[in-house]
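For reference, positions follow the sequence shown, starting with 1. Below, each value reflects all heavy atoms present in this structure, side chains not excepted, and no hydrogens, waters or symmetry copies. Just so you know, ligand 1 is whichever comes first in the structure, and atom 1 is the first atom listed for that ligand.
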Amino acid sequence: MKIYAPEYYKNFKCIADHCRHSCCVGWEIDIDSDTAELYSTFEDGYGKNIRESMDTEGVPHFRLAANDRCPHLNDCGLCRIILELGEDYLCEICREHPRFYNDTRLGKEVGLGMSCEEACRIILSSDGYDKFIPVGELAGEPEACELDTVALREKIYVILSDSSLPYTVRRNEISRLFGVAELDDTSAKELISSLEYLDENHRELFLSYSSNASTPKNHEKALERALAYFIFRHCSEVFDADEYRAALGFCLFCEKLLASLIVSENAENEGDVIELARILSEEIEYSEDNTDAIISAFYDQNDDF
Ligand code: SF4
């Protein structure tokens, strides 16, 4: 089966030591069983350090070093496993991050997650979110999807990319077409208060949510691309109309939250918007509990579309 990705995917390359929010800091990195088995055979050289850095209680993972850094991240922000042994020796999470995969009727799809600052920069600054290109091949067939989410996504992207209409009109038309009842400010803020946060300051930041947030014109393209990304990521592997509407509600909520952050933080340049989108992704999309809580708020709203 072919693997497809949005056109911008091919521009991604980890910026390693230039990254200000390295994914090798602050997260416990689980090691898949095949790689853990390989690491446990290492007896000398740098391999011995790798074996000794593993905690095999429960799911094998690297024991974090000071300041929650991966023990293999050197002072220059480079990975010593790559430097000493090569990329082939990375565990699955390190090899794949920030990629995510979905099965659709088109085949396997791969995207870049916005919590990675370089991926976020590419997603928010690139054209071509609606153009999917083959980027590889895999054995097997995609899981059969009852709902044709590729056709639904194409329909949404036609509306979203129609620059003859103001951005807000396009965005609201998508919401209307699929019968998504968006949250009022009180419900949205209650929901935001109830979420878990990696950084407690972000709870306060996110409470600036406003359903009337109207962003400056020069940031509308970034919002459009962010919404396209959320839809690609969260509305692809979806199995029925209720689930689709809830997933789309989640995407529109994230877009409105990003718009609110841009307004409340007075984000002026592209870099400010990218950083706010990265924070949003890290706090919301990369927390299964937060994602589930928001999606649940959009269930059982209307009849089938
Ligand atoms: S967050 Fe992205 S750019 Fe930064 S180190 Fe990780 S993969 Fe590389």
Side-chain angles (χ1 to χ4, degrees), residues 3 5-32 35 46 49-50 53-54 61-102 109-126 128-129 135-136 197-199 201-202 205 222 225-226 228-230 232-234 254 258 261 267 269-288 290-291:
I3 311 175
E7 207 174 44
Y8 58 70
Y9 175 86
K10 61 184 187 310
N11 299 331
F12 176 74
K13 189 170 188 330
C14 169
I15 54 173
D17 50 331
H18 296 293
C19 182
R20 288 169 308 145
H21 302 94
S22 170
C23 53
C24 312
V25 179
W27 305 91
E28 201 166 82
I29 299 162
D30 288 344
I31 307 165
D32 57 286
T35 312
Y46 195 73
N49 293 11
I50 299 176
S53 69
M54 272 201 304
H61 57 275
F62 292 124
R63 237 176 265 110
L64 292 178
N67 299 322
D68 285 348
R69 290 168 68 86
C70 170
H72 304 293
L73 189 64
N74 73 12
D75 292 343
C76 304
L78 296 172
C79 172
R80 288 198 67 190
I81 298 181
I82 297 179
L83 294 175
E84 305 278 347
L85 301 177
E87 286 194 28
D88 290 350
Y89 286 84
L90 291 175
C91 62
E92 198 181 320
I93 285 187
C94 295
R95 203 169 45 238
E96 290 293 344
H97 185 79
R99 294 165 187 83
F100 63 86
Y101 292 88
N102 281 325
E109 293 184 346
V110 58
L112 302 168
M114 217 160 67
S115 73
C116 158
E117 66 181 55
E118 176 61 1
C120 191
R121 185 192 68 74
I122 291 173
I123 292 164
L124 297 194
S125 59
S126 307
Y129 61 73
V135 291
Y197 292 88
L198 292 165
D199 178 341
N201 295 321
H202 293 155
L205 177 68
R225 289 167 177 155
Y229 156 81
F230 290 131
F232 164 46
R233 179 158 197 171
H234 299 280
C254 288
L258 180 58
L261 299 180
N269 55 46
E270 197 192 0
D272 296 337
V273 175
I274 290 169
E275 177 55 6
L276 291 169
R278 188 198 65 76
I279 291 172
L280 187 155
S281 170
E282 187 176 81
E283 293 285 13
I284 305 276
E285 282 191 300
Y286 279 73
S287 157
E288 216 174 301
N290 286 351
T291 301

Worksheet item: Listing by chain and number, what protein N/O/S atoms are under 2.8 Å from atom 6 (Fe) of ligand 1?
Response: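 Per the 2.8 Å query on atom 6 (Fe) of ligand 1, atoms found are Cys23 SG.
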Worksheet entry | Flag, side chain of Tyr229 to backbone of Met114, donor-acceptor distance under 3.5 Å |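 Checked: pair present.
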Worksheet entry | Contacts of type side chain to side chain donor-acceptor pair (under 3.5 Å), residue Arg69, not counting sequence neighbours |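 Result, side chain to side chain donor-acceptor pair (under 3.5 Å) vs Arg69: none returned.
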Discussion item. According to side chain to side chain donor-acceptor pair (under 3.5 Å), who are the partners of Arg225, at least two apart in sequence or on a separate chain?
Written reply: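 With neighbours one apart ignored, the set is Asp127.
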Worksheet item: Taking side chain as C-beta onward, heavy atoms only, is Phe62 less than 4.5 Å from Ile50?
Response: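 Contact flag for Phe62/Ile50 side chains = yes.
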Worksheet item: Does a side-chain heavy-atom distance below 4.5 Å link Cys116 with His97?
Response: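 The answer is yes, as the side chains (C-beta and beyond) meet within the 4.5 Å cut-off.
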Which donor-acceptor pairs under 3.5 Å do side chains of residues 78-95 form with protein atoms, sequence neighbours excluded?
from  : atom 1 : to    : atom 2 : distance (Å)
Arg80 : NH2    : Glu84 : OE2    : 2.9
Arg95 : NH1    : Leu90 : O      : 3.0

